[in-house]
Trainee: 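Structure provided below as structure tokens; questions to follow.
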Amino acid sequence: METLEDIEKEIRSCKRCELHKTKKNYVPGSGNPKAKIVFVGEAPGREEDLKGEPFVGAAGKFLNDVLSKVGIKREDVFICNVLKCRPPNNRDPSPEEVAVCGNYLIRQLEVIKPDMIVCLGRISANYLFDHFKLAFTKISSVQGKVFEVDSWNKKIKIVPVYHPAAVLYKPNLKDEYEKTFQKLFSQKRGQQTLLDYGFIKFENNQN
Ligand code: SF4
């Protein structure tokens, strides 16, 4: 059976698109191989390209901050991107690049089999909605909503949110973004939350 290491090894020698020529490092993804939740961004940026790690720049720090406020540690989840190499000057990935590199992401998801996939931004949401046969309109219409699909013999949740870099660029979205994460991940009696996913322990279950 394929492992995340097998896929990572393949990524690290990939030449399936031109981006391998301009990247400094491949960025396959990192985190818990048995994660219940996988966060999927668009593509590595400058810092990620330099370090070979996903979400380590300003957007990554903001994401860490938002996650820690709802009790999620990076090491509990798996974080990666649709593309494993940085597009020059952080341009949008082309549809061809998404199609060819997205296959690695799908294989990573097949290995992890998470209960929830959080799509960070439009490119990731568009790609994963397509893959799971959901209708994608635009990120502002679907962000913060929970979609349920059947996969890996269970129900899994697909949750699109804005890309953290977009929120840093438009600070007026910050409050709404943090509230979305609170709504999704903070436990309140009678509401379905990540308590169902087993790894977040809440000290206080009272309303
Ligand atoms: S972006 Fe993806 S498909 Fe293109 S070279 Fe990098 S790993 Fe390969």
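Each ligand, and each atom within it, is numbered from 1 in the order the structure gives. For this chain, numbers begin at 1 and follow the sequence in order. Reckoned from all heavy atoms, side chains included, excluding hydrogens, waters and symmetry mates.
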Trainee: For His20, what residues pass the side chain to side chain contact (heavy atoms under 4.5 Å, CB included) criterion, not counting sequence neighbours?
Mentor: Lys15, Tyr26
Trainee: Which label fits Phe181 and Phe39: parallel for a plane angle under 30°, tilted from 30 to 60°, or perpendicular past 60°?
Mentor: parallel
Trainee: Any non-hydrogen side-chain atom of Leu120 less than 4.5 Å from a side-chain atom of Val161?
Mentor: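 With C-beta onward as the side chain, the pair touches.
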Trainee: Name the orientation class of the two ring planes belonging to Phe136 and Phe129 (parallel below 30°, tilted from 30 to 60°, perpendicular beyond 60°).
Mentor: perpendicular
Trainee: Atom NE2 of His131 and atom CD1 of Ile117: how far apart are they, to the nearest 0.5 Å?
Mentor: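 Answer rounded to 0.5 Å: 7.5 Å.
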Trainee: Does Leu50 share a hydrophobic cluster with Ile11, counting links as ILVMFWY side-chain heavy atoms below 4.5 Å and allowing steps through other members?
Mentor: no
Trainee: Restricting to distances shorter than 2.8 Å, give the number of protein N, O or S atoms close to atom 6 (Fe) of ligand 1.
Mentor: 1
